[in-house]
Amino acid sequence: MSDIGGRRTVGRIVETEAYVGPDDPACHAFGHRRTSRTEALYDPPATAYVYFTYGMHWCLNVVTERADYPAAVLIRALEPWEGLELMRRRRGGVRDRELCAGPARLCQALGITGSQNRTSLIEGKVRIVRGSGRPRVTVTPRIGISEAVDWPLRFLIEGSTWVSR
DNA sequence: ACGCAGATTTTCT
DNA sequence: GAAAATCTGCGTT
């Protein structure tokens with residue numbers, strides 16, 4: 001959920017990818033690479049890692065491991081729950097199915113930018129809270145990367161129609 | 001439905 | 001100078 005610009009949007013996470021640390025060739029901190037961009041990955045768990053790519057897109061990750069161990073989970077898709085009007089406005093009137101189906105799309109829908117980088121996902125303007133169900137999860141390889149292409153680290157809620165691609 | 005190219009800028013070589 | 005954890009619009013089938 002986000003509370004940005006004085007208004008709230010809520011969604012259920014339906015798709016994620018894991019980037020599992022310095023030994024993962026697809027992780028931005030592969031080989032313990034430490035730059036101004038990757039610095040957030042070395043923060044404590046539940047910190048936001050928001051990075052900018054392709055000249056125009058923001059993507060949101062959750063730092064998952066202890067401080068100084070750079071691993072994170074990329075949030076790839078949400079099922080929109082609240083604040084649909086605001087999401088539609090931010091996304092420029094695309095079909096609802098495409099509001100949050102993709103890592104950069106959901107950031108646009110929720111108003112997430114670099115100003116959320118290194119903020120707490122427990123008490124910040126962007127938060128992640130525990131849900132109530134125990135959904136079945138499907139596992140596939142990650143998308144859009146060129147290293148470790150076959151590692152099964154993409155997780156989808158089984159049967160969700162809100163996932164990307 | 002599918003495939004391709006353009007957008008646009010940070011980061012690292 | 002090239003590539004990048006992407007998205008969109010426009011072309012063809």
Side-chain angles (χ1 to χ4, degrees), chain A residues 2 4 9 11-65 68-80 83-119 121 124 126 128 137-157 159-165:
Chain A
S2 77
I4 291 169
T9 59
R12 172 204 196 199
I13 296 170
V14 296
E15 176 182 350
T16 63
E17 278 178 3
Y19 290 86
V20 293
D23 298 320
D24 177 357
C27 181
H28 287 165
F30 178 56
H32 285 102
R33 184 153 50 109
R34 195 154 188 160
T35 65
S36 56
R37 180 173 70 150
T38 64
E39 198 58 32
L41 286 166
Y42 295 83
D43 283 348
T47 302
Y49 167 44
V50 183
Y51 71 90
F52 186 69
T53 192
Y54 292 104
M56 58 187 81
H57 298 304
W58 297 100
C59 295
L60 170 68
N61 293 250
V62 187
V63 175
T64 49
E65 299 295 327
D68 292 322
Y69 190 91
V73 167
L74 172 69
I75 309 300
R76 286 198 57 92
L78 302 179
E79 175 181 336
L84 279 275
E85 280 307 319
L86 181 54
M87 291 184 186
R88 291 184 189 111
R89 217 178 319 137
R90 284 170 170 157
R91 293 277 297 125
V94 300
R95 289 189 297 279
D96 282 3
R97 186 58 47 82
E98 291 160 9
L99 277 180
C100 298
R105 288 170 172 176
L106 71 90
C107 282
Q108 194 180 356
L110 270 61
I112 296 169
T113 68
S115 56
Q116 270 72 52
N117 192 38
R118 307 190 76 177
T119 60
L121 292 170
V126 176
I128 297 178
V137 172
T138 302
V139 184
T140 78
R142 295 176 289 189
I143 288 182
I145 55 173
S146 53
E147 301 291 327
V149 176
D150 54 339
W151 292 20
L153 291 173
R154 175 172 176 245
F155 304 90
L156 308 96
I157 290 192
S160 174
T161 57
W162 300 97
V163 299
S164 70
R165 253 237 312 203

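Just so we're on the same page: letters track the sequence lines, and every chain starts at 1. A quick note: this is a predicted structure, and the numbers were derived from the prediction, not measured.
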Original post:
Have A/Arg91 and A/Gln108 got a donor and an acceptor in their side chains that come within less than 3.5 Å?
Top reply: yes

**OP:** Check the angle between the aromatic planes of A/Trp58 and A/Phe52 and answer parallel, tilted or perpendicular using the 30° and 60° thresholds.
**Re:** tilted

**OP:** Give the C-alpha distance, both sets of side-chain angles, the deciding distance and a yes or no for side-chain hydrogen bond (donor to acceptor under 3.5 Å, both in side chains) between A/Ser164 and A/Glu15.
**Re:** CA-CA 8 Å; A/Ser164 70; A/Glu15 176 182 350; 2.9 Å; yes

Original post:
Just checking A/Ala104: base, sugar-phosphate only, or nothing, at a heavy-atom cut-off of under 4.0 Å?
Top reply: sugar-phosphate

Original post:
Rounded to whole angstroms, how far apart are CD on A/Gln108 and C1' on C/dT8?
Top reply: 11 Å

**OP:** In whole angstrom, give the distance that lies between atom CZ of A/Arg165 and atom C1' of C/dA5.
**Re:** 13 Å

Original post:
Given atom CG of A/Leu106 and atom P of C/dT6, what is their separation to the nearest angstrom?
Top reply: 12 Å

Original post:
Of the candidate nucleotides B/dT8, C/dT6, C/dA4, which contains the atom at the shortest distance from the side chain of A/Ser146?
Top reply: C/dA4

Original post:
Roughly how far apart, to the nearest Å, are B/dG3 and C/dA5 at atom P?
Top reply: 22 Å

**OP:** For A/His57 and B/dT11, give me the distance from atom NE2 to atom P, rounded to whole Å.
**Re:** 16 Å

Original post:
Across the strands shown, which category fits A/Ile145 at heavy-atom distances under 4.0 angstrom: base, sugar-phosphate, nothing?
Top reply: sugar-phosphate

**OP:** Evaluate whether the aromatic ring of A/Tyr19 and the six-membered ring of the C/dA5 base sit under 5.5 Å apart, centre to centre, with an inclination under 30°.
**Re:** yes

**OP:** Can you tell me the distance, in whole Å, between the NE2 atom of A/His28 and the P atom of C/dA3?
**Re:** 16 Å

Original post:
If you look at every strand shown and take non-hydrogen atoms under 4.0 Å, does A/Arg91 touch a base, only sugar-phosphate, or nothing?
Top reply: sugar-phosphate

Original post:
Ignoring hydrogens and angles, does a donor from either the side chain of A/Tyr54 or the base of B/dA7 sit under 3.5 Å from an acceptor on the other?
Top reply: no

**OP:** Could you go through the side-chain contact (heavy atoms from CB on, under 4.5 Å) check for A/Thr113 and A/Val50 one step at a time?
**Re:** CA-CA 7 Å; A/Thr113 68; A/Val50 183; 5.9 Å; no

Original post:
So which nucleotide does B/dG6 pair with, by the Watson-Crick or G-U wobble rule with both distances under 3.5 Å?
Top reply: C/dC7

**OP:** Would you indicate, yes or no, if C/dA5 has its OP1 or OP2 atom less than 4.0 angstrom from a side-chain nitrogen or oxygen of A/Arg154?
**Re:** no

Subject >> Mate of B/dC12 where both pairing distances stay under 3.5 Å, Watson-Crick or G-U >> reply: C/dG1

Original post:
Quick one: A/His32 NE2 to B/dC12 P, roughly how many Å, whole number?
Top reply: 16 Å

Subject >> A/Arg33 CZ to B/dC12 P, straight-line distance once rounded to whole Å >> reply: 6 Å

Original post:
Just checking A/Phe52: base, sugar-phosphate only, or nothing, at a heavy-atom cut-off of under 4.0 Å?
Top reply: sugar-phosphate

Subject >> Short side-chain to backbone donor-acceptor contact, A/Thr64 and A/Val73, under 3.5 Å >> reply: no

Original post:
Taking only N and O in the side chain of A/Thr53, is any of them less than 4.0 Å away from OP1 or OP2 of B/dT10?
Top reply: no

**OP:** Kindly compute the distance separating CD1 (A/Ile157) from CZ (A/Arg12), expressed to the nearest 0.5 Å.
**Re:** 3.5 Å

**OP:** Using atom CD of A/Glu39 as one end and atom P of B/dT11 as the other, report the distance to the nearest whole Å.
**Re:** 12 Å

Subject >> Minimum-distance nucleotide to A/Met56 side chain [options: B/dT11, B/dA7, C/dT8] >> reply: B/dA7

